[in-house]
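Quick note: numbers below take in every heavy atom, side chains included, and nothing from hydrogens, waters or symmetry partners. Each ligand, and each atom within it, is numbered from 1 in the order the structure gives. The residues of the chain are indexed from 1 along the displayed sequence.
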Amino acid sequence: MAYAGDLTQAEFDALLDRKGGPAVAVHGGAGTRPDADPAPYLEGTRRAAEAGLRVLLQGGSALDAAQAAAVVLEDDPSFNAGTGAALTSEGEVELDASCMDGTTLRAGAVACVKTLKNPILAARRVCDDTPHVLICGPGAEAFARECGIPEVANASLITDRQRARWEELHALALKEGADSVRRKIGTIGAVAVDARGHVAACSSTGGTMYKRPGRVGDTPIIGAGTYADDHEAAASSTGLGEAILKVTMARAACMLVREGASPRAAAGEAVGLLRARAHGEGGIIVAGPDGRLGWACNTPRMSRAMIRAGMSSAKAAV
Ligand code: ASP
């Protein structure tokens, strides 16, 4: 299928390279199927980026903006996060999410949660209200309950599409063994930069399809799935978590920006590193404190969108 996007690549590059916040970029995962109808991915990522920019224009922080964009994507059943997340080999949803504020380096994450519609909200409370960075499993669910974040039944997060995929993979696993199932990928993420150069990032995922229960990838790990530092940049990764963890891809991209690379060049180098050193497939979005944005993937597709102040609507590609 031909490249599906609102602009040509050269037009996107010019928009991404433009300086000056506020600006927001989001991704809907590097595992976007090449044969899938692009419309829901384009529409979903556009809506998320626009929600993020609205928060910034109303005076919200970069972290508030990234979080607002992440919630839109978690609630959209087209993406592998929140509602519509991939299932474990046991046929359940287990979610991971993280956030980081580039001004203070405050960060929060949850992993292996089964009862939260929006795990990014719990990650944010870990960041704001605890001395911890990462809380897992039942402890994270209990913490979310304490914070008054509503719990839902695991089954309510499972879509017909993910159940059908699970049935296919399960049949394959019964024939060839669970570890031989090729794990498809998908995640959501958002990066934001305000007009004063403060950056933030959020990521959220159901993880790889048919993963073992308890498996945790890069998404809730600060430095791998998510990173933000006003002295560097903000980044959210997507792709095979086991590979991303080995090259701490989000931090790698941010350090490249600190060393002088544009966010777009840094994103390209980071996915190059992922392939060269860890044989990994994936993608990344990056926001620099000067308002420039970047994205790159080494997969056939990655749904993504961006918007900056002055644009009447977000521009998306898949
Ligand atoms: N990084 C996620 C994980 O490995 C999946 C993805 O981004 O596609 O859990």
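At least one N or O atom of T238, backbone or side chain, sits closer than 3.5 Å to an N or O atom of ligand 1. Here's the thing with T187: one of its N/O atoms is less than 3.5 angstrom from an N/O atom of ligand 1. Considering backbone and side-chain atoms together, G207 places no N or O closer than 3.5 Å to any N or O of ligand 1.
Taking a cutoff of 4.0 Å between a charged side-chain nitrogen and a carboxylate oxygen, R258 and D229 do not qualify as a salt bridge. Contact check on R46 versus E43 returns a salt bridge, with a Lys/Arg side-chain nitrogen under 4.0 Å from an Asp/Glu carboxylate oxygen. A salt bridge links R145 with E151: at least one charged nitrogen is closer than 4.0 Å to a carboxylate oxygen. We find that E74 and K117 are not joined by a salt bridge, their nearest charged nitrogen and carboxylate oxygen being 4.0 Å or further apart.
The side chain of T219, and not its backbone, has at least one atom closer than 4.0 Å to an atom of ligand 1 (non-hydrogen atoms only; side chain from C-beta on). Only the side chain of R215 comes within contact range of ligand 1, with a heavy atom under 4.0 Å; no backbone atom does.
A pairwise comparison of heavy atoms in P38 and R301 identifies CB-NH1, 4.4 Å as the closest pair.
Near D218, meaning under 4.0 Å from one of its heavy atoms, ligand 1 places the atoms 1 (N), 2 (C), 3 (C), 4 (O).
Under the 4.0 angstrom criterion for non-hydrogen atoms, G239 is in contact with ligand 1.
Residue Y210 forms a side chain to side chain donor-acceptor pair (under 3.5 Å) with just one option from H170, E168, R215, and that option is H170.
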